[in-house]
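In what follows, a structure is listed as C-alpha cells, so that the remarks can point back to it.
Just so it is clear: chains get the letters A, B, ... in the order the sequence lines come, proteins before strands, and each one is counted from 1. The structure displayed is predicted, hence computed values, not measured ones.
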Amino acid sequence: GCGTTNNGDDNGDVLSGTVNVDGSGTVYPLMAHIAENYMTDVAPDVSVQVGRAGSSAGFKMFIPGETDLSDASRKIKDTEVEELAAKGWNMDEQIMEIKLAYDGLTMVINKDNDWARKMTREEVVNMYLSGQYKADDKVLWSDIRPEWPAEEIKFYGPNENHGTYEFFYEVILDEQEMVTTAKLEQEYSTLVDLVSKDKNAIAFFGFGYYVNNQDKLQAVKVDFGNGPVEPGLETIGEDLPYAGFTRLVYTYLNLEYAKEKPQLLDFAKFIVSEDGARKLAGDNGFAPLPDAIHDDYLSTLESIQ
Amino acid sequence: MNNVKVREIIQNNATRKNHRLDRVMPTFFLVMALLSVATTIGIVLTLVTDASKFFASVPLREIFSTKLAPLSAQPSYGILPLLMGTAMTTLVAILVAVPIGMAAAVYLSQFASPKLRKVLKPVLEVLAGIPTIVYGFFAYSFVTPLLMNLIPSLEPKNALSPGIVMGIMIIPMVASLSEDAMNAVPEIMREGAYGLGSTKLEVATKVVIPSAISGILASIVLAVSRAVGETMIVTIASGSTKNFTFDITKSMQTMTAYIVEFTSGDAASGTTGYYSLYAVGLILFLFTMVVNLIAQYISKKLREEY
Amino acid sequence: MKKDREIVFDTKGLNLWYGDDQALKNIDLSIEENQVTAIIGPSGCGKSTYIKTLNRMVENIPIVKTTGEILYHGQNIFDKSVRVEELRTKVGMVFQKPNPFPKSIFENVVYGPRIHGIRDKNLLMEIAETSLRAAALWDEVKDRLNDNAYGLSGGQQQRLCIARCLAVQPDVILMDEPTSALDPIATFKIEELIDSLKKDYTIAIVTHSMQQAARISDKTAFFLLGELVEFDNTSVIFSNPRDQRTEDYITGRFG
Amino acid sequence: MKKDREIVFDTKGLNLWYGDDQALKNIDLSIEENQVTAIIGPSGCGKSTYIKTLNRMVENIPIVKTTGEILYHGQNIFDKSVRVEELRTKVGMVFQKPNPFPKSIFENVVYGPRIHGIRDKNLLMEIAETSLRAAALWDEVKDRLNDNAYGLSGGQQQRLCIARCLAVQPDVILMDEPTSALDPIATFKIEELIDSLKKDYTIAIVTHSMQQAARISDKTAFFLLGELVEFDNTSVIFSNPRDQRTEDYITGRFG
Amino acid sequence: MLGVENQRIKDNRIRLKKAKEKPEWTISRERIRRRIWVSAMAKHVFSLAVVFAFVVLLLLLFNVGKDSIGWLTPGFLTRNLSIFPEKAGIWGAIKGSVYLMLIVIPTTLVLGVSTAIYLEEYASRGKVANFIRVNISNLASVPSVIFGLLGLAIFSRFLGLGSSILAGGLTMSLLVLPIVVVASQEAVRAVPGFLRDASYAMGADKWTTIRKVVLPVALPGILTGSILAMSRAIGETAPLVVLGIPTLIRKIPTSIMDDFTALPIQIYYWTLDTVLTPEYANLAAATIVVLLLVLFLMNAAAIIIRNKFQKKF
Ligand SMILES: Nc1ncnc2c1ncn2[C@@H]1O[C@H](COP(=O)(O)OP(=O)(O)OP(=O)(O)O)[C@@H](O)[C@H]1O
Ligand SMILES: Nc1ncnc2c1ncn2[C@@H]1O[C@H](COP(=O)(O)OP(=O)(O)OP(=O)(O)O)[C@@H](O)[C@H]1O
Ligand SMILES: [Mg+2]
Ligand SMILES: [Mg+2]
Ligand SMILES: O=P([O-])([O-])[O-]
C-alpha cells in the first residue's frame with residue numbers, strides 16, 4: 001500500500017484518510033480488532049488497512065515508508081535498526097516501539113496424539129534441533145521417549161517472513177540449526193490444517209491461533225521445571241508459569257509520519273487507550289500488559305502536537 | 001419538388017467535405033493497436049530487467065538446485081522444486097482433462113444428436129466460466145477432504161487435489177477445441193467409413209480422431225499451458241512447501257503459487273527475493289509463449305490438411 | 001435516337017487487371033445522357049468489372065490496376081483531383097443482391113443525405129418520400145417507415161435500394177443485374193421503374209437476360225472475354241448485329 | 001436382357017421426407033443382379049437420396065423419415081433385425097468426390113477387412129492386391145502402397161475408393177456420380193472399370209451425364225421432382241421413352 | 001449410337017489379370033454384432049464424461065450453496081466488512097468490483113475495438129498487422145499472475161498507483177484485452193461485404209462506413225465478447241493478490257485512487273482465514289454465490305444479446 005499519501009485534512013474535528021498497517025500475522029487478529037473498533041466507534045471516515053505479511057516482511061515495507069505501523073511478534077533486530085538509520089530514522093528519537101501484549105508460543109499437536117501431550121522444555125527444543133537424533137533429521141517419536149510410537153515426526157512452523165519463526169529460532173533454539181525436515185509455511189491457516197489432519201504433526205505458533213482452533217488441535221503442556229503448564233491467559237506473562245515460552249508482541253510507529261498524519265496519531269493513541277490493546281488482548285488470545293505501560297505511551301503520544 | 005435544392009446541398013457538401021477524420025482514423029486505430037501490443041513489450045521488459053538482476057546475483061548452479069529457501073538466513077534459490085510442483089499438478093490435470101475432455105468431444109461430435117449437443121455444449125462451457133478462486137475453494141473445502149477419506153496418507157495440502165480440480169476446469173477447453181477439430185473433418189470422410197459398414201465408434205477412432213489429430217494435439221497443448229499458468233487453485237490447495245518430490249500426496253509449490261506467496265508476504269522491492277519473482281515469471285511467460293506458438297503451428301498445419 | 005445527346009461517361013482505351021489477369025481489354029464505350037445502356041455477355045466476361053469501374057468501386061479490391069481513361073462529363077475519373085466519394089455521390093449503384101442496411105426503411109433511404117450533412121428532420125422526411133415515390137415503393141411502405149428493411153420482400157428491398165440511391169439525387173445510376181435475385185413479378189416492377197427513371201437519370205445496367213436488355217435498353221454493349229465486341233442501339237444489336245460472335249450469343253449458341 | 005435375373009433390391013412404395021419436405025415419392029424400382037442400373041434426372045430430383053437409402057446412409061441425417069419398403073434379397077432393410085453395419089458391408093458405396101482416408105494406400109484398401117477382424121498380414125496383403133487389381137489400380141500403385149493416399153491423382157483416388165469398397169467383397173456397389181469430379185480420361189477408366197465389375201457385382205450408379213448412362217448401363221431410371229418417371233432398359237429409355245417428360249429431358253429440353 | 005458406344009467399351013475392355021483365387025475369408029455376423037455392441041457401450045461410456053462434468057458442476061454448486069445457507073442475507077450484501085462474521089458484509093467488495101469494471105470496460109472497449117478495426121478494416125494483410133495478430137494471440141495465453149507482476153512493476157511501483165482501484169483496473173484491462181480484441185475482430189469480420197459496398201457506393205468514406213454501418217452491425221458481437229471478457233475480469237483473483245490488496249480494508253472506495261477490495265479477493269482471504277474464525281468459510285461461500293449469480297446474469301445477458309441480434313443477411 002501507499003502509506004504516505006492521502007493525508008487527512010487538519011481543519012475540523014473529523015479525521016479522514018488512511019492508515020496502513022502490516023507485519024506480524026500473529027498480531028493481525030488483535031490489530032484488526034482494534035482497527036475495526038476504531039473505525040466503528042471513533043473515526044468512521046478513517047480507513048485503517050491491516051495486512052499480515054509477517055514481522056520481517058512488515059519491516060521491509062516499514063523501513064522505506066510503505067507502511068505507517070509495523071506489527072511484530074518479536075523485537076526489531078539490530079540490522080533493521082541500521083536500515084532505518086540509513087533512511088534517516090533514528091530508532092530512539094523517531095521510531096516508537098509500542099508493546100502491545102504478551103503472547104504464548106504454543107506447541108500444537110493433533111487431537112489424536114495421545115502420547116505427547118506433555119513434554120519438557122528440553123524435549124521440545126531437542127526435537128527441533130538438527131542432527132540431535134538423526135543425521136537426516138527424520139526423527140521418530142520413539143527417539144524422544146522410547147515408549148512413544150516409532151513413527152516419524154512431521155515438523156511444521158511459520159516461514160522466515162514471520163517473527164514467530166525468528167523468536168523460535170533465536171530465543172528458543174538459541175540460533176542452533178533447525179531440523180531440515182521441518183516444513184515452513186506462509187499462512188497460519190495452512191499450519192492449522194496440516195496439524196489437524198496429521199497424527200504425527202507438530203507445529204508452533206502464537207496462542208491466538210490455538211484458541212481459535214481448540215476443536216481441531218491440542219496444545220502441548222510444557223514442563224519448565226515445575227510441572228507441565230498449559231498455555232492460557234492466566235499462565236502467559238512474565239513471572240507466570242508459562243513465562244518460559246512467553247514473548248512480547250509489538251507495533252512500531254514512525255513519529256515523523258504521525259506528526260504529519262493526524263489520523264495515524266489518533267489511531268496510535270487509540271491502540272494504547274483503555275479501549276485499545278489492553279481491552280481486546282484477551283479476546284484474541286493475548287495476555288494484557290500492565291496498564292501503566294500503555295498509559296505511559298499515551299502520554300508520550302499526547303505530547304505530540 | 002425540392003429535388004434541385006437537395007441535389008445542390010448534397011453535391012456542395014460532397015465537394016466541400018474534406019474527410020479529415022477519414023484520414024486521421026487509420027493512424028488513431030494503428031496507435032491503439034500498437035498500445036495493445038505494448039502490453040507484451042511491457043511484460044517482456046519488466047520481466048527481463050528484474051529477472052536479469054536475479055540471474056546476475058545468483059549462481060546458475062544454485063538456480064538448478066533442489067533447495068528453495070528464499071527467506072532463510074542463508075537463502076537458496078533452487079528452482080527445481082517449483083518446476084516439480086508445476087509439473088506434477090499439471091500432469092494430474094492433464095490426466096484428468098484429456099481422457100474426459102476427449103470422451104466428451106467424441107460423444108458430442110459422434111454420438112449426441114444435434115439437439116442434445118446444442119444443450120450440452122453451453123452447460124459444459126459453464127465449467128470454463130467459473131472463476132478459479134471458486135475452484136480453489138472447492139478443491140480445498142470439498143475435494144481434499146473427500147480424497148483424504150480415500151487416501152489416508154494424503155496430506156491436507158497436496159498436488160493431487162488441485163491437479164484434479166484444475167483438470168476439471170480445463171475439460172471444457174479440451175472438449176470444445178477437440179470437438180471443433182473433429183467437426184472440421186469433412187463429412188465425406190465419415191461417409192466413406194460408414195459406407196464400409198463401420199460402427200460409430202470405429203468411425204470416431206479409425207477415421208475422425210486420426211484425421212483431427214493435430215487439432216486435438218493443439219487443444220491438449222493449450223490445456224497444458226492453461227494448467228501451468230493456473231494460480232489460485234494451487235495457491236489455496238497445494239500449500240507452499242518447497243518440496244522436490246514425485247509424491248503427489250505431498251504439499252508442493254508451483255511457480256504461480258510462489259509468486260502469490262511471495263508478493264503477499266514480502267514484496268519489498270530491491271531484494272533478491274523480489275527479483276526472484278520476476279525470474280519465475282519470466283520462465284512462466286516464456287513457457288506459455290512457446291507452448292502457444294507450438295499450438296498455433298500445429299493447428300495451422302491442420303488447416304492445410306484438407 | 002440519332003439526336004446529339006450529351007455523353008456522360010466516355011471510356012477510352014480502358015484496360016483492367018486483377019493482379020496478372022486482364023479482365024478488361026481496351027474498352028471504348030460512351031454512355032449517353034437519359035438513356036438506358038445495357039451491358040450483356042457471358043459470365044466472367046467483365047460486365048460487373050466494367051460497371052464497377054465507372055464509380056471506381058472496383059478499386060476496393062487491392063490488386064486491381066487500370067490504364068486508359070474514363071471521362072465523366074469530360075473529367076477523367078482517374079485524375080488525382082477526383083475524389084471517389086464525390087464521384088460516387090453523383091454515380092449511384094444498385095447491386096445484384098438487394099443490400100439494404102439492417103436499419104429502418106426510413107434510415108435506409110436517408111443514409112446518403114445524412115452522411116452528406118443533411119440534418120433537418122423535415123427535409124429528410126421529404127427526401128424519403130420523394131425517393132420512395134420515385135422508386136414506386138411509397139404506397140407499400142408509407143405506414144411502416146420505421147420497420148426494419150429486412151422485413152420487406154426481395155423485390156421491395158431492391159426498390160428500397162433504388163430509392164436509397166435516388167435520395168442523393170445522383171446523375172447516373174449503375175445497376176449490376178438488379179433483378180437476377182428476384183421473381184418475375186418483382187422483375188417486371190423494376191423494369192417498369194427503370195423505364196420511368198430514365199427521363200431524369202442516365203442508367204447503365206448489366207443483365208444476364210437478353211430479353212431484359214431488349215425490353216428496357218436504348219443501347220446495348222456486348223462483352224466477351226474482357227473485350228467490347230459490339231456496341232450499338234439495342235434494336236440493331238438484337239436484329240442485325242455486325243459481329244458474328246454477337247449473333248451467336250444472342251441466338252443462344254453459347255453462353 | 002429378358003432372362004430372369006435375381007432381383008437384388010426391390011423398392012416398394014418408398015417415400016422419404018427431409019423434415020417436412022418430401023424428397024422421394026412412392027418409388028417402385030427393382031435392381032437386378034449383375035446389371036448396371038443408372039439413375040438420372042435433373043439436380044435435386046432425389047437421385048442421391050434414393051441411392052443413399054439403399055444402404056441406409058440417408059439415416060445419418062437425423063431429420064429423415066421413410067415409409068414403404070426396400071427388399072434386399074427379399075429382406076426388408078428397414079426391419080428392426082437388419083443391422084446397418086452388416087447391410088453396408090454387403091452394399092458398398094462410392095461417392096461423388098473421392099474420399100480416401102488420410103492413411104496409406106494399403107491401409108485404405110484393408111480398412112474394411114481390418115474392421116472385420118482380419119489381422120493376418122499375408123491375407124491382408126492378398127486382399128489388397130486382389131482389390132487393387134480388380135479396381136485396375138494395382139500396376140500404378142504397387143510400388144508405393146505405403147504412400148499417403150492423398151498423393152494420388154483424383155482418378156486414382158476414386159479407383160482406390162472402389163478398391164476399398166471391393167475389399168470387403170460386397171454384393172452391390174452404389175455409386176453417386178463417381179466421375180463428376182474427374183477429367184475425361186479418368187472418367188473413361190472408371191467407366192471401363194464399371195463394365196468389367198458388373199460380371200461379379202450388381203451396380204447402381206447415379207449420373208448427371210446422359211451419355212454416361214447410355215454408355216455403361218443396362219437399365220435406366222429417370223427421376224423428376226422426387227418421382228420415378230420411367231424405368232426401363234437403357235436402350236428403350238434413350239431411343240423410345242414412353243413418357244413425354246423423359247423424352248424432354250434426354251433431348252435436353254430442360255434440366 | 002448407343003450400340004456403338006457399348007461396342008467401343010467392349011473392344012477396349014481391359015483384361016483383368018485372372019486374379020489368383022479370391023482371398024479366403026468371410027465376414028462373421030457374430031463379430032458384427034459384437035462391434036455394434038462395443039460401439040453402443042462406448043456411447044454410454046463417453047456420455048459419462050459429460051455426466052461427470054455435470055455432476056462436478058452440481059457438487060460445486062451444492063457445496064457452495066449449502067455453506068452459504070443462512071449467511072446470504074440482505075444485510076450481508078449491504079453491510080461493511082468486519083472481522084466478526086455476524087457483522088460482516090460485502091458492500092465494500094461489491095463496490096470495489098463495480099469500480100474495477102468501470103475502469104476495465106472503457107479501456108478495453110476503446111483499445112480492443114480499435115485494435116480489431118485496425119486489423120480487420122485497415123491492415124488485414126501486411127507485416128505490422130501480422131505482428132499485432134500474433135502478439136494478441138500470445139497475450140491471450142499469458143497466465144494471469146504474470147499480468148499481476150506487470151501491474152505491480154509498472155502501475156503500482158513505477159507509476160506509483162499502489163494497490164489502488166486504478167492500478168487494479170488497468171492491470172485487469174490488459175488481462176482481458178485479448179478477449180475483447182478477438183471477439184471484436186470476429187464481429188467485424190462477420191459484417192457482410194455487401195453492406196460496406198452499399199455504403200461506399202453512396203459516396204461514404206471509409207470512416208463513415210465503419211461508423212455508420214460496420215460498427216452498428218458488429219455491435220451485438222462486440223458486446224457479447226466484451227461481457228464475456230468482463231465476466232472473466234470480475235472473477236480474476238491472482239493479479240489483484242499480486243498487486244498487494246490489504247487483508248482488512250473497511251473503507252468503501254469513493255474514488256479510483258482509493259485502495260479497495262473486490263469479491264474474489266474477499267473469497268480468497270476468508271478461505272485462508274477460516275483458521276481464525278471457522279464461520280469465514282460460510283462468508284466465503286456466500287460471497288461465491290453472489291459472484292456466481294453476477295456471472296450468471298452477465299452470461300445470460302450475453303446470450304440474450306447474441307440471440308436477439310443474430311441477423312441473417
Ligand atoms: N476480386 C477479383 N479478384 C480476381 N479476379 C476477379 C475478381 N473479380 C472478378 N474477377 C475476374 O475477372 C473476370 C471478370 O469478372 P466479372 O465479375 O466482371 O464478370 P461478369 O461478367 O460480371 O460475370 P457474371 O455474369 O458471372 O457476374 C472474371 O474472369 C473473374 O474471374
Ligand atoms: N440433408 C438434407 N436436408 C434437407 N434436405 C435435403 C438434404 N439433402 C437433400 N435434400 C433435398 O432433397 C432433395 C433431393 O436431393 P438430392 O441430393 O437427392 O438430389 P440429387 O438428385 O442428388 O441432386 P444433385 O444432382 O444436385 O446431386 C432436394 O430438394 C434437396 O434440397
Ligand atoms: Mg457480374
Ligand atoms: Mg446428388
Ligand atoms: O506472523 P508473525 O507474527 O510470526 O511475524
Side-chain angles (χ1 to χ4, degrees), chain B residues 14 19 21-22 25-26 29-30 32-33 35-37 39-40 42-43 46-47 50 100 103-104 106-107 111 120 123-124 126-127 129 131-134 136-138 140-142 168 171 199-202 222 225 229 231-232 236 256 259-260 263-264 267 269 277-278 281 284-285 288-289 292 296, chain E residues 35-36 38-39 42-43 46-47 49-50 52-54 56-57 59-60 63 110-111 114-115 117-119 122 132 135-139 141-146 149-150 152-154 157 174 177 181 203 205-207 231 235-238 241-242 244 264 267-268 271 281 284 288 291-292 295 299:
Chain B
H19 305 283
L21 267 181
D22 191 48
M25 289 322 275
F29 289 132
L30 175 62
M32 288 293 138
L35 260 177
S36 306
V37 171
T39 312
T40 314
I43 290 178
T46 32
L47 291 180
D50 283 349
I100 298 181
V106 172
Y107 179 75
F111 292 107
L120 290 183
V123 181
L124 201 60
V126 169
L127 276 181
T132 58
I133 179 75
V134 177
F137 181 81
F138 181 62
Y140 171 80
S141 72
F142 183 80
I168 290 169
I171 285 173
T199 62
K200 286 193 168 181
L201 178 66
E202 285 158 356
L222 286 177
S225 142
T231 310
M232 292 324 288
I236 291 183
T256 51
I259 294 176
V260 168
T263 44
S264 58
S269 38
L277 282 179
Y278 288 84
L284 206 52
F285 175 76
T288 48
M289 180 115 147
N292 185 46
Q296 274 178 9
Chain E
R35 283 168 45 216
I36 294 171
V38 169
S39 179
K43 173 179 174 168
F46 290 157
S47 74
V50 181
F52 173 81
F54 272 86
V56 169
L57 187 60
L59 270 179
L60 189 149
N63 183 46
V110 170
L111 276 176
S114 300
T115 306
I117 289 180
Y118 179 77
L119 289 177
Y122 288 101
I132 297 176
N135 239 296
I136 297 286
S137 112
N138 278 332
L139 217 47
S141 68
V142 172
S144 59
V145 72
I146 302 280
L149 284 181
L150 174 75
L152 180 66
I154 293 189
R157 296 192 185 270
L174 297 183
L177 184 62
V181 172
D205 60 29
K206 192 160 192 162
W207 167 233
S231 56
E236 267 296 341
T237 321
V241 175
V242 171
I267 297 170
Y268 175 55
T271 306
I288 288 176
L291 182 60
L292 289 182
L295 290 178
N299 278 291

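Contact tally against chain B (heavy-atom pairs below 4.5 Å) for E:Val50, E:Val38, E:Asn63: the top residue is E:Asn63. Put simply, of B:Ala103, B:Gly42, B:Gly229, the one with the most heavy-atom pairs under 4.5 Å next to chain E is B:Ala103. The choice from B:Thr256, B:Leu21, B:Leu222, B:Val37 that makes the most heavy-atom pairs within less than 4.5 Å of chain E is B:Val37. For the set E:Leu60, E:Val110, E:Leu174, the count of heavy-atom pairs under 4.5 angstrom toward chain B peaks at E:Leu60. When each of E:Ser47, E:Ala281, E:Ser144, E:Ser231 is checked for heavy-atom pairs under 4.5 Å with chain B, E:Ser47 comes out on top. Ranking B:Ile168, B:Ile171, B:Thr132, B:Leu35 against chain E, the residue ahead of the rest is B:Ile168, based on heavy-atom pairs under 4.5 Å.
The minimum heavy-atom distance linking B:Ala33 with E:Thr115 is given by the pair CA-OG1, 3.4 Å. Here the shortest heavy-atom pairing between E:Leu149 and B:Tyr278 reads O-OH, 3.3 Å. Here the closest heavy-atom approach between residue E:Val142 and residue B:Thr288 is recorded as CA-OG1, 4.3 Å. The shortest heavy-atom contact between B:Met25 and E:Trp207 is CG-CD2, 3.4 Å. Residues B:Gly136 and B:Ile236 approach most closely at O-CG2, 3.7 Å, considering heavy atoms.
B:Leu284 CG to B:Ile259 CD1: the interatomic distance, rounded to the nearest 0.5 Å, is 5.5 Å. Note that CD1 of E:Ile267 and CG of E:Leu291 are 5.0 Å apart. Values are rounded to the nearest 0.5 Å. To the nearest 0.5 angstrom, E:Lys206 atom NZ is 11.0 Å from E:Ile117 atom CD1.
Proximity to chain B (any heavy atom under 4.5 Å) is shown, for E:Leu59, by both the backbone and the side chain. Interface residue B:Leu47: only side-chain heavy atoms are found under 4.5 Å from chain E. At a 4.5 Å heavy-atom cutoff, the contact between E:Leu111 and chain B is made by backbone and side-chain atoms alike. Of the two parts of B:Leu30, the backbone and the side chain both hold a non-hydrogen atom closer than 4.5 Å to a non-hydrogen atom of chain E. In this structure, the portions of E:Ile36 lying under 4.5 Å from any heavy atom of chain B include both its backbone and its side chain. Using a 4.5 Å cut-off between heavy atoms, B:Ile43 touches chain E through backbone and side chain atoms alike. The contact between B:Phe285 and chain E is made by backbone and side chain atoms together, counting heavy-atom distances below 4.5 Å. Only the side chain of E:Leu139 comes within contact range of chain B, with heavy atoms under 4.5 Å apart. When heavy atoms are compared at a cutoff of 4.5 Å, E:Leu177 approaches chain B solely by way of its side chain, counted from C-beta outward. Proximity to chain E involves both the backbone and the side chain of B:Ile100, based on heavy atoms less than 4.5 angstrom apart. In this structure, the portions of B:Ser36 lying under 4.5 Å from any heavy atom of chain E include both its backbone and its side chain. Heavy atoms closer than 4.5 Å to chain E are found in the side chain of B:Met232, but not in its backbone. For a residue to count as touching a neighbouring chain, one of its non-hydrogen atoms must lie under 4.5 Å from one of that chain's; by this rule B:Thr40 touches chain E with backbone and side chain alike. Residue contact with chain B, scored on non-hydrogen atoms closer than 4.5 Å, involves the side chain of E:Ile136 exclusively. Heavy atoms closer than 4.5 Å to chain B are found in both the backbone and the side chain of E:Leu57.
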- Query: Could you walk me through whether E:Arg35 and B:Glu202 pass the side-chain contact (heavy atoms from CB on, under 4.5 Å) check?
  - Reply: CA-CA 9 Å; E:Arg35 283 168 45 216; B:Glu202 285 158 356; 2.6 Å; yes
